[in-house]
Amino acid sequence: MTRIGVVVFPGSNCDLDTLRGLELAGAEAVPLWHEQGSLEGSAAVVLPGGFAYGDYLRAGVIARFSPVMRAVSAFAAEGGLVLGICNGFQVIAEAGLVPGALLRNRGLRFLGRDVWISAEQLDTPFTSLVGDGRPLRMPIAHGEGCYFADDATLDQLERDGQVLFRYVHADGTPAGAEGDPANPNGSLRAIAGVRNARGNVAGLMPHPERASDRLLGSDDGLPILRSLVDAAARAEREPALAAVR
Amino acid sequence: MSSFRFAVNVAPKPGILDPQGRAVEGSLGHLGVSGVSAVRVGRRVELTVEAAGEEAARAVVERLARELFSNPLIEAFAVERLDP
């Protein structure tokens, strides 16, 4: 069974949900404590939601310097698959593993509610089993989720297919900019998730693991986790990753 | 070795959306204050550094300001020497 590691920082609070979601998606999911330097042979790594190190200073920044993040960065540099969810997205953005930054929500409020997103790229390790780009319903729970990058970077992300998820209305029409409730935090160009240029590291603000079972009200997030497990199973056999797992 | 005390002032870069600054600005009417604009909210970190001289101490502070206290994509910082 393909092993996927879930990083646990002090203040992570979606780690158990993420471990459970990955198990539902068919993986052997293992927790990776922030002070350890080993990824324990994981074929992919997920950074879960929460408030790592209390979100002090800036969300994600202190977590970035933890021992486990050195291992995650080395793993990513060799092409290893890394997914950051919510606070995990903030951590990998602070670490420079994906472009952009997450600013305070435009409405200033912490938002905990369901949103709709749609996958823009359907042939990636994070979306290959999502299907046809139909709108996916899953929760957000964040105070700093307003995606920001300068215009040149945004143009380049769009051109190179690095925009992975965008906020949409329930019927799939694109969310607008500031003021459209379908774009909950006012993210530029309604961006909900991006990937790096190489395509092996991705982050998104919504929580697929909280929508991984019909009992939770939606299982729209499960195909995202399944895509990752599927891609990790193939990556497992790549020798270049052996040394950094 | 001597001790040197510094402050690092971090603020959103010009043009970067600052919802906190905007919220503060929006509240000024409730105080009966008018004529105030362009409010930006940042943060200030004060720290003491042990080093051989001020230049070496400042280099440490600059590095921390760049790598930890600020995110260069969205924030600018200024280092200030404080009296011991």
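Keep in mind that what you see is a predicted model, and the values were worked out from it rather than measured.
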For D15(A), all residues meeting salt bridge (charged side-chain N to carboxylate O under 4.0 Å, His left out), sequence neighbours excluded = none
Compare all side-chain heavy atoms of F148(A) with those of L17(B) and state whether any distance is below 4.5 angstrom.
-> no
Under a 4.5 Å heavy-atom cut-off, does chain B meet the side chain of L57(A), its backbone, both or neither?
-> both
Mind listing the donor-acceptor pairs under 3.5 Å that bridge chain A and chain B?
unit_1: L57(A); atom_1: O; unit_2: R43(B); atom_2: NE; d: 3.3
unit_1: L57(A); atom_1: O; unit_2: R43(B); atom_2: NH2; d: 3.0
unit_1: R58(A); atom_1: NH1; unit_2: L68(B); atom_2: O; d: 3.3
unit_1: R58(A); atom_1: NH1; unit_2: F69(B); atom_2: O; d: 2.9
unit_1: R58(A); atom_1: NH1; unit_2: E75(B); atom_2: OE1; d: 3.4
unit_1: R58(A); atom_1: NH2; unit_2: L68(B); atom_2: O; d: 3.2
unit_1: R58(A); atom_1: NH2; unit_2: S70(B); atom_2: O; d: 3.4
unit_1: R64(A); atom_1: NH1; unit_2: E67(B); atom_2: O; d: 3.2
unit_1: E94(A); atom_1: OE2; unit_2: N71(B); atom_2: ND2; d: 3.4
unit_1: E178(A); atom_1: OE2; unit_2: R22(B); atom_2: NH1; d: 3.3
unit_1: E178(A); atom_1: OE2; unit_2: R22(B); atom_2: NH2; d: 3.0

Locate the shortest heavy-atom distance separating L108(A) from P19(B); write the atom from each residue and the value.
-> CD2-CB, 3.5 Å
Which residue pairs pass the side chain to side chain donor-acceptor pair (under 3.5 Å) test when at least one of the two sits in residues 200-210 of chain A, sequence neighbours left out?
-> N196(A)-N200(A), H207(A)-E209(A)
Set of side-chain hydrogen bond (donor to acceptor under 3.5 Å, both in side chains) partners for E35(A), sequence neighbours left out | none
